[in-house]
Trainee: 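Structure below; questions to follow.
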Amino acid sequence: QVQLVESGGGLVQAGGSLRLSCAASGLQFSTSAMGWFRQAPGKEREFVACISHVVGSTYYADYVQGRFSISRDNAKNTVYLQLNSLKPEDTAVFYCTSKRAYCINQERQFTYWGQGTQVTVSS
């Protein structure tokens with residue numbers, strides 16, 4: 001019943017930007033923490049960012065270094081990930097995910113997952 005659908009991925013040059021969206025349905029969105037993970041070819045899925053319920057506190061992986069920004073629109077049941085200053089090493093499938101309440105950077109703690117959207121950064 002819960003569905004997370006990512007969009008906004010694509011091919012960009014190094015230094016460029018993309019805005020990813022994740023539309024949620026069948027979910028108590030406003031009481032859920034929403035997160036983004038990514039998985040590069042041949043690599044394990046890794047944490048990118050998370051935004052908590054209610055107060056909307058945000059958390060980022062160390063490698064983000066201010067380049068990405070997560071936000072949410074509870075009226076639209078949508079979470080966003082703004083990607084700036086993209087590097088070739090950012091190339092990955094980006095996944096939207098959800099868990100109850102507070103943010104955690106452990107993949108196994110998240111309950112629902114989207115199918116992912118491909119981000120490719122050329123050099």
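In what follows, residues are counted from 1 in the order of the sequence shown.
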Trainee: Please name the pair of heavy atoms, one in D90 and one in R67, separated by the smallest distance, quoted to 0.1 Å.
Mentor: OD2-NH1, 2.7 Å
Trainee: Might you point out which heavy atoms bring S21 and T78 nearest each other, and give the distance in Å?
Mentor: CB-CG2, 4.4 Å
Trainee: Should we count OH of Y60 as having more than 12 external heavy atoms under 6.0 Å?
Mentor: yes
Trainee: Using the rule that Ile, Leu, Val, Met, Phe, Trp and Tyr join whenever any side-chain heavy atoms are under 4.5 Å apart, tell me whether Y95 and I51 fall into a single cluster.
Mentor: no
Trainee: Given the rule in the side-chain contact (heavy atoms from CB on, under 4.5 Å) test, do T111 and V2 qualify, once you have shown the distances and angles that lead to the verdict?
Mentor: CA-CA 10 Å; T111 305; V2 173; over 6 Å; no
Trainee: Working to the nearest 0.5 Å, report the span between OH of Y59 and CZ of F47.
Mentor: 9.5 Å
Trainee: Would you sort out whether F110 and C50 count as a side-chain contact (heavy atoms from CB on, under 4.5 Å), showing the intermediate values?
Mentor: CA-CA 11 Å; F110 286 83; C50 184; 4.2 Å; yes
Trainee: Nearest heavy-atom pair of L4 and T97: which atoms, and what distance?
Mentor: CD1-CA, 3.8 Å
Trainee: Kindly indicate, with the supporting measurements, whether the criterion side-chain contact (heavy atoms from CB on, under 4.5 Å) is fulfilled by F68 and S85.
Mentor: CA-CA 8 Å; F68 304 164; S85 302; over 6 Å; no
Trainee: Quick check: closest heavy atoms across Q118 and A92, and the distance to 0.1 Å?
Mentor: NE2-O, 3.4 Å
Trainee: If the condition is side chain to side chain donor-acceptor pair (under 3.5 Å), which residues does S17 pass it with, not counting sequence neighbours?
Mentor: N84
Trainee: If the test is side chain to side chain contact (heavy atoms under 4.5 Å, CB included), which one of T120, L18, L83, T91 qualifies with V12?
Mentor: L18
Trainee: For the CD atom on E44, are there more than 12 heavy atoms of other groups (residues, nucleotides or ligands in this structure) within a distance under 6.0 Å?
Mentor: no
Trainee: Can you measure from CZ (R100) to CD (Q109) and round to the nearest 0.5 angstrom?
Mentor: 12.0 Å
Trainee: Hey, could you give me the OG/NE2 distance between S98 and H53, rounded to the nearest 0.5 Å?
Mentor: 11.5 Å
Trainee: Would V48 and V93 show up in the same hydrophobic cluster when neighbours are defined by side-chain heavy atoms closer than 4.5 Å?
Mentor: no
Trainee: Rounded to the nearest 0.5 Å, what's the gap from SG on C22 to CZ on R72? Could you check?
Mentor: 10.5 Å
Trainee: Is there a path of hydrophobic side-chain contacts, each under 4.5 Å between heavy atoms, that joins Y112 and W36?
Mentor: yes
Trainee: Any chain of hydrophobic side-chain contacts (each under 4.5 Å) joining L81 to L27?
Mentor: yes
Trainee: Looking only at heavy atoms, which two atoms of M34 and C96 are closest? And how far apart?
Mentor: CE-SG, 3.9 Å
Trainee: Is the OH atom of Y63 crowded by more than 12 outside heavy atoms at less than 6.0 Å?
Mentor: yes
Trainee: Same hydrophobic cluster for V121 and L20, using side-chain heavy-atom links shorter than 4.5 Å among ILVMFWY?
Mentor: yes
Trainee: Name the one of N74, D73, I70 that satisfies side chain to side chain contact (heavy atoms under 4.5 Å, CB included) with V79?
Mentor: I70
Trainee: Around atom CD of Q28, are there more than 12 heavy atoms of other residues, nucleotides or ligands at under 6.0 Å?
Mentor: no
Trainee: Given E6 and F94, is the side-chain contact (heavy atoms from CB on, under 4.5 Å) satisfied, shown in steps?
Mentor: CA-CA 8 Å; E6 302 96 333; F94 281 70; over 6 Å; no
Trainee: Please name the pair of heavy atoms, one in R45 and one in E107, separated by the smallest distance, quoted to 0.1 Å.
Mentor: NH2-OE2, 2.5 Å
Trainee: Using side chain to side chain donor-acceptor pair (under 3.5 Å) as the criterion, list what pairs up with E89, not counting sequence neighbours.
Mentor: none
Trainee: Can you tell me how far apart NZ (K99) and CZ (R108) are? Round to the nearest 0.5 Å.
Mentor: 11.0 Å
